Amino acid sequence: MKHRNWISVVILLLVFVFAFSLAAFAANGNSGEAAAQGFRKENAKVFVFMILIIAVFIWSSAAAMKGKKPYIRRIAGLQAVEEAVGRATEMGKPVLFVAGVEDVDNVQTLAGLSVLSHIAEKCARYDTPLLMPNRYGVTMITAQEVVKESYLRAGRPDAYKQDNIYFVSSDQFALVAHTDGLMVREETAANFYMGSFYAESLILAETGSTTGAIQIAGTANAHQLPFFVAACDYTLIGEEFYAASAYLSQDPKLLGGIRGQDIIKVFIMASILIGIICVTLGDAVPALAGLKSFAGLFKI
Amino acid sequence: MIEKISKMDRRIIFVLITIALTVSLIYSVDLPIKISPPVKTMYDTIENIPEGSRILFSFDYGPSTEPEVGGTAEAVLRHLFKRNIKVVAITLWDEGESIGDEVTERIAKEMGKKEEEDWIYLGFKFGGPTGSGVIEPMGTDFHKVFPVTRKKEGKPSKSTNDVPILQDVNNYDAFKAVISFSAGVPGIKEYLQMANSRYKIPVTGACSKVTTPELMPLLNSGQLSGLAAGVIGGAEYEKLMNYKGKAHKFAFAQSVVHIIIIGLIVLGNIMFFLSKKRS
Amino acid sequence: MIQRQIPIFLAFLGGAIMLLDYFIAHPYLAWLRENLTNWARIGFTFALFLGIINLVQVNLKKVARQSAGWGYNAVLLICVMVTMGFGFVQGPTEDGTIYKWMFNNIYRHCTATMFGLLAFFIASAAFRAFRAKNVEATLLLVTAIVVMLGNVPLGDIFVQNILPSAPKWLLPSYLQTKIMEIFVTAGQRAILIAAAIGLVAVSMKILAGIDRSYFGGD
């Protein structure tokens with residue numbers, strides 16, 4: 001299975017590069033509308049950077065699969081998932097999962113659904129009910145499939161209840177009002193908030209805290225992080241949330257991807273540092289004014 | 001006693017806040033408002049727009065954030081009409097549809113402006129979760145995005161080509177700026193990402209206070225031409241406009257609640273240290 | 001096997017078209033992008049019907065079984081039917097209709113009320129969470145107080161009443177501006193950059209079919 005995955009990745013990438021080259025060649029070949037067509041030069045730097053990220057990512061994942069599994073530091077929020085589900089099982093209360101208030105086209109919702117599959121598997125093993133109210137129909141359907149598969153993987157397809165993953169309303173605050181009522185009525189013992197959240201984050205987290213539930217939140221929306229940090233027991237911040245799926249699965253290729261992300265971050269940090277030095281020197285020393293053009297390399 | 005206060009029932013806090021808010025909203029006090037640089041920049045951006053030009057005004061908020069951003073929207077509309085700048089208003093939020101209608105009509109009437117000549121409200125257009133289905137296409141063909149005007153009671157919709165204020169509008173080149181009042185997504189950030197970065201149109205606006213940190217890097221880099229954040233930003237803009245509206249009233253209420261929250265935090269910490277000392 | 005490969009391929013194709021359009025200006029690509037976006041929007045809109053069907057099914061079951069709190073489920077069903085009914089018959093944006101009246105006089109106030117709860121919850125969360133348990137918590141607590149004071153005019157008045165000759169840099173409004181401009185901006189940029197890289201990585205994994213947990217896993 002591993003080799004087939006990588007062959008398909010490489011084929012897909014080659015198809016993309018081929019299609020890209022063909023399109024660029026075909027576009028440049030049309031003399032009539034050449035001015036309005038062809039490669040968008042203003043996005044060239046973005047393209048180069050994208051290729052760099054993909055290359056580093058693929059190399060890192062491949063290296064992880066061949067060699068030692070990369071070390072990922074302990075993420076308290078993810079370590080606590082097992083504890084949270086266990087607590088709910090002991091108390092005989094359900095687990096609540098909210099995958100954010102955005103639809104499935106938002107990457108955070110997809111990341112949340114990845115975490116859901118792991119949580120659902122644990123709930124299946126421990127025979128703990130999992131409740132998941134949804135804001136959008138597509139998210140609901142996707143979540144139903146994810147949970148069904150998780151229950152199958154855990155060997156408990158009989159325990160799966162489709163009605164536990166349901167649609168509430170496409171209005172943000174209607175979903176929140178319902179979820180708050182659900183937390184208080186059902187006395188959920190473990191609440192997971194994994195996805196894109198806006199103003200409702202504190203309303204959810206604070207209500208959950210009044211019921212005494214253990215709460216684990218994860219979002220990349222930085223403006224909601226303070227509310228989750230204040231009201232939840234554990235919070236996954238930004239990139240930790242995106243890394244959750246890899247962390248929970250401990251799949252070497254996904255863990256390798258996280259290492260790849262860290263390599264890119266180091267590259268960005270180094271660029272920032274070099275840029276600061278170049279621009280500062282360029283300003284301070286007239287003879288080195290040419291160094292300031294380094295900053296222009298990164299301007300989009 | 002210390003334990004009791006330290007673990008005070010939430011309901012006592014709720015009652016305290018209720019009383020504070022009620023009293024401060026009824027008996028409002030004028031506070032000295034200091035104008036902050038981002039609000040001044042926004043004001044200056046609008047001041048520098050030539051008279052008779054056109055701007056795109058986007059109501060990207062709903063009823064929930066109306067108290068926070070609505071006051072600023074009204075103040076800016078008054079500023080635009082005072083300077084005889086033509087306003088083409090839209091909304092990317094379905095909840096903001098009737099808010100946009102009510103606010104533009106009321107302020108335009110107050111300032112003696114004529115619909116379809118000095119202003120027009122085109123209503124809500126669904127552009128997807130990030131508004132890309134509206135923000136991007138407006139840069140190539142405005143009339144394709146808004147082919148007809150909004151239907152109103154006693155006023156059927158008609159082609160936007162027949163509306164005087166929209167006749168020579170093809171894309172963002174027809175507008176001097178985009179002013180977005182946003183409480184989330186889609187909003188200012190999406191206009192910056194799609195309209196400003198691609199079509200180079202200046203973007204300014206107001207936002208809810210909680211989303212301000214996200215926009216600070218864009219403000220500091222100069223991509224955003226000014227920002228009025230939250231109720232206080234609205235009060236500052238009202239001060240620049242020399243009138244006291246909704247934002248001023250809410251600013252006092254917000255101030256009182258902030259002081260109470262700080263008092264509660266200090267009280268909680270005093271009890272925490274006392275109980276620590278005891279044990 | 002083919003059941004899994006087709007969705008992965010379609011996901012890749014859709015993503016590739018969007019990416020290509022970002023880098024290449026071509027009428028065919030623009031046409032594809034526009035239509036794919038429209039089809040996606042139409043698909044998502046139809047998914048709303050699925051949601052409504054699910055809503056009716058789940059709540060109807062509870063009403064039929066007379067489960068605990070079934071009265072609320074019945075109220076929900078009635079509200080859904082009434083709102084949808086008036087919306088279909090009279091149109092959702094027509095002025096002077098019952099639907100518009102319900103929107104302006106019920107929905108708007110309900111959402112504003114829910115949002116208003118935040119004021120109370122912030123107070124109770126702040127009281128509970130902002131305790132000086134360690135150095136980091138103390139730093140958080142002090143910063144929160146300075147920013148809250150600096151955000152409102154009363155903050156400067158408060159400090160100036162205690163210290164009439166307080167220098168400018170001691171005023172909460174000045175400190176709050178500096179905290180926002182320097183520390184918050186730096187922190188936000190760091191989170192933004194890291195989250196953006198994470199987003200690219202997750203998107204890449206999904207487009208390449210490496211991460212399939214969003215449709216059930218391996």
Side-chain angles (χ1 to χ4, degrees), chain A residues 5 8-9 12 16 19-20 23-24 27 36-40 43 47 53-54 57 103 105 107 110-111 113-114 117 136-138 140-142 145-146 148-149 153 163 166-167 170-171 173 176-177 185 199 202-203 206 220 222 230-231 237-239 242-243 245 253-254 257 260-261 264-265 268, chain C residues 8 12 16 19-20 22-27 29 40 43-44 47-52 54-55 57-58 61 68-69 107 110-111 114-115 117-118 121-122 124-126 128-130 188 191-195 197-211 213-218:
Chain A
N5 273 347
S8 47
V9 166
L12 288 170
F16 174 70
F20 179 92
Q37 294 179 31
F39 188 75
R40 292 187 216 264
N43 295 337
F47 178 70
I53 291 179
I54 292 172
F57 189 80
D103 209 341
D105 59 342
V107 181
L110 290 171
L113 292 174
S114 299
S117 75
Y136 291 103
V138 180
M140 176 195 74
I141 294 161
T142 315
E145 282 306 311
V146 166
K148 194 158 107 180
E149 286 287 322
R153 257 198 326 270
D163 283 354
Y166 54 93
F167 172 83
S170 55
D171 181 71
F173 287 108
V176 165
R185 279 192 313 273
L202 185 63
I203 302 174
E206 192 60 14
I237 296 172
E239 214 192 350
Y242 287 129
S245 175
K253 67 176 179 284
L254 295 178
Q261 286 169 227
I264 298 290
K265 265 190 281 185
I268 290 173
Chain C
I8 293 170
F12 169 76
L19 269 176
L20 278 175
Y22 185 79
F23 295 113
I24 299 169
H26 195 285
L29 278 172
F44 283 129
L48 184 61
F49 281 111
L50 287 169
I52 293 167
N54 174 270
L55 181 83
Q57 265 181 335
V58 166
K61 265 188 213 170
Y107 172 78
C110 285
T111 28
M114 284 302 298
F115 194 79
L117 283 177
L118 276 173
F121 285 150
I122 282 174
S124 71
R128 211 186 58 249
F130 290 150
Q188 284 283 323
I191 295 175
L192 257 168
I193 290 171
I197 296 169
L199 196 144
V200 169
V202 168
S203 308
M204 218 225 84
K205 279 188 279 184
I206 288 166
L207 288 180
I210 297 169
D211 188 353
S213 47
Y214 66 92
F215 75 90
D218 287 329

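Each chain gets a letter, A, B and so on, in the order its sequence line appears, and its residues count up from 1. Note that these values count all heavy atoms, side chains included, but never hydrogens, waters or copies made by symmetry. In this text the structure is predicted, and so the values were computed from the model without any measurement.
Side-chain atoms of C:R128 and A:E206, non-hydrogen and from C-beta on, do get closer than 4.5 Å to each other. Side-chain atoms of C:Q57 and A:Y166, non-hydrogen and from C-beta on, never get closer than 4.5 Å to each other. For the pair A:D105 and C:F44, the minimum side-chain heavy-atom distance is below 4.5 Å. Side-chain contact between C:F115 and A:I203 is absent, with no heavy atoms from C-beta onward closer than 4.5 Å.
Between C:A201 and A:Q261, the shortest heavy-atom contact is CB-OE1, 3.1 Å. Nearest heavy-atom pair across C:K205 and A:Y242 is NZ-O, 4.5 Å. Considering all non-hydrogen atoms of both residues, A:K265 and C:A194 come closest at CD-CB, 4.2 Å.
Rounded to the nearest 0.5 Å, atoms NZ (C:K61) and CG (A:D163) are 3.5 Å apart. We find the CD1-CD1 distance between A:I237 and C:I191 to be 6.5 Å, quoted to the nearest 0.5 Å. Considering CZ of A:F39 and NE2 of C:H26, their distance stands at 14.5 Å, rounded to 0.5 Å. Annotation: the span from C:S203 atom OG to A:I53 atom CD1 amounts to 10.5 Å, rounded to 0.5 Å. Expressed to the nearest 0.5 Å, how far CD of A:E239 lies from CD1 of C:I193 amounts to 11.0 Å. Between A:S245 atom OG and C:I206 atom CD1 the span is 9.0 Å, to the nearest 0.5 Å.
With respect to chain A, the highest number of heavy-atom pairs below 4.5 Å among C:V200, C:L50, C:I197 belongs to C:I197. Note: A:A199 leads A:G238, A:A220, A:A199 in heavy-atom pairs under 4.5 Å with chain C. Ranked by heavy-atom pairs shorter than 4.5 Å toward chain C, the options A:D171, A:I268, A:I141 are led by A:D171. Ranking A:R40, A:R185, A:M140 against chain C, the residue ahead of the rest is A:R40, based on heavy-atom pairs under 4.5 Å.
With A:N43 contributing its side chain and C:F23 its backbone, the two residues share no donor-acceptor pair below 3.5 Å.
At most 12 heavy atoms of other shown residues, nucleotides or ligands fall within 6.0 angstrom of atom NZ in A:K148.
With a 4.5 angstrom heavy-atom cutoff, C:L192 does not touch chain A via any of its atoms. Of the two parts of C:Y107, only the side chain, counted from C-beta on, holds a non-hydrogen atom closer than 4.5 Å to a non-hydrogen atom of chain A.
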Audit row: C:L48, A:F167, side-chain contact (heavy atoms from CB on, under 4.5 Å) steps and yes/no:
CA-CA 9 Å; C:L48 184 61; A:F167 172 83; 4.1 Å; yes
